[in-house]
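Structure, as structure tokens:
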Amino acid sequence: MAAIVGVHGIGKYKYYLDAGNSVAGAAEAMRLKWDRYLGVALGGERRAYISEVAYFAHHLHDGRPPEGPRALAAMDAPAHQVLVDWARQLGVGEHVTGALKSFAGWLLTRLDSRSVAFATLFAPEVAAYLTDPVKRERSRQTVAAVIRKNQPKVVIAHSLGSVVAYEALWANPDLRIDLLLTLGSPLGMRNVVFERLLPAPVNGRGGRPAGVKRWVNIADKDDIAAIPPDLCDSFTGVDLTELVNLDWIDFHTVEKYLACPAVPPHLRPFLA
């Protein structure tokens, strides 16, 4: 039996829809993909590496999310604020004037097509998680339940999933894991995520959850979600941050992260 649980990132609601609104179907579809990605990194062997992917995207959506230009118009005020605050971290639009929605529209004209597509996923989902207590708690409970059921040695958390996993592990100190592996994590993003974490950072620093023996963070140096890429300055208990260079286009996908050479050395001890 594999000893790994995955926690997915942004933009995975489509799996739920494709599976006929089935959480189990969405989670299994993602697990199969994660196994394939890890197989590439670990030498091509096809096997079950992941016990289960904790699927929570359905908690952050009220229906089919809009795509393309409609996505901006559909953003509510919290999502617009996340978009603006996130853009400040990128150095885009440091001086904010005018109405929030107008500025958000201007902001998206300043970003390239890849960043726009990313922003229309990132801002609404991060805002839904951080500003809606009910959606937040349901997401955390889902992740905690999957960890409790599988009792893994390793939790791999990607993107927004690293925020959900971090809070779920803090909220459930009975959950014990040997390794928390965060990939492309926005946990340290100031004025967007970091200050809103539960539990709140103390004296400007978060901390490793009590049930986690070791915490390794891997981030692409140009990942526009992982700002800053190195979590060691923001969190006590991060044992190692590795900065990698994944792909100038796919700078944030879980496929690129799981298949990168930095991952296998941390996982092999648990796969023997």
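Just so you know, residue 1 is the first one in the sequence shown, and it goes up from there.
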By side-chain hydrogen bond (donor to acceptor under 3.5 Å, both in side chains) - contacts of K149 (at least two apart): E52

Going by the rule side-chain hydrogen bond (donor to acceptor under 3.5 Å, both in side chains), which residues pair with S139 if we only count those two or more places apart in sequence or in a different chain? none

Could you list the residues that satisfy side chain to side chain contact (heavy atoms under 4.5 Å, CB included) with A128, not counting sequence neighbours? L60, K135

Which residues satisfy the side chain to side chain contact (heavy atoms under 4.5 Å, CB included) test with V134, sequence neighbours excluded? D132, R138

Evaluate the side-chain proximity of V23 to H58: yes if any heavy-atom separation is below 4.5 Å, no if none is. yes

Going by side-chain hydrogen bond (donor to acceptor under 3.5 Å, both in side chains), name the residues that satisfy it together with K221, two or more places apart in sequence or in a different chain. none

Can you name the residues that form a side-chain hydrogen bond (donor to acceptor under 3.5 Å, both in side chains) with Y55, not counting sequence neighbours? none

Donor + acceptor pair across side chains of S185, S162 (<3.5 Å): yes

Spatial distance of atom CD1 (I156) from atom CG (L258) [nearest 0.5 Å]: 5.5 Å

Report yes or no: does E125 contribute a side-chain atom to a donor-acceptor pair with the main-chain N or O of G11 at less than 3.5 Å? yes

For A3 against P152, the heavy-atom pair lying closest together: O-CB, 3.5 Å

Show me the donor-acceptor pairs, under 3.5 Å and distance only, between side chains in residues 193-201 and residues at least two apart or in other chains.
from, atom 1, to, atom 2, distance (Å)
E195, OE1, N191, N, 2.6
E195, OE2, N191, N, 3.4
R196, NH1, V192, O, 2.6

Tell me every residue that passes side chain to side chain contact (heavy atoms under 4.5 Å, CB included) with E137, counting only those two or more places apart in sequence or in another chain. R140, Q141

For residues I50 and G6, report the shortest heavy-atom separation together with the two atoms involved. CG2-N, 4.1 Å

Salt bridge (charged side-chain N to carboxylate O under 4.0 Å, His left out) pairs touching residues 258-272, sequence neighbours excluded, are none

Return the CG to NE2 distance between D239 and H266, rounded to the nearest 0.5 Å. 10.0 Å

Where at least one partner belongs to residues 130-161, residue pairs that pass ring pair (Phe, Tyr, Trp, His ring centres under 6.0 Å), sequence neighbours excluded: H158-H252, H158-Y257

Got a sec, which pairs hit salt bridge (charged side-chain N to carboxylate O under 4.0 Å, His left out) with one end in residues 24-44, sequence neighbours left out? E28-R31, R31-D35

How far apart are the C-alpha atoms of I4 and F270, what are their side-chain angles, what is the distance that settles it, and do they pass the side-chain contact (heavy atoms from CB on, under 4.5 Å) test? CA-CA 8 Å; I4 303 171; F270 302 100; 5.7 Å; no

Quick one, R148 and D174 - any side-chain contact, counting heavy atoms below 4.5 Å? yes

So which of L243, D220, V244 actually passes side chain to side chain contact (heavy atoms under 4.5 Å, CB included) with P229? L243

Rounded distance [0.5 Å steps], CG in L187 versus OG1 in T182: 6.5 Å

Check: G207 main-chain N/O paired with W215 side-chain donor or acceptor under 3.5 Å: no

Is it the case that the ring center of F56 lies less than 6.0 angstrom away from the ring center of Y129? no

To the nearest 0.5 Å, how far apart are CZ in R214 and CG in L180? 11.5 Å

Keeping to residues at least two apart or across chains, list the side chain to side chain donor-acceptor pair (under 3.5 Å) pairs with something in residues 225-236. R190-S234, R205-T236, D230-T241

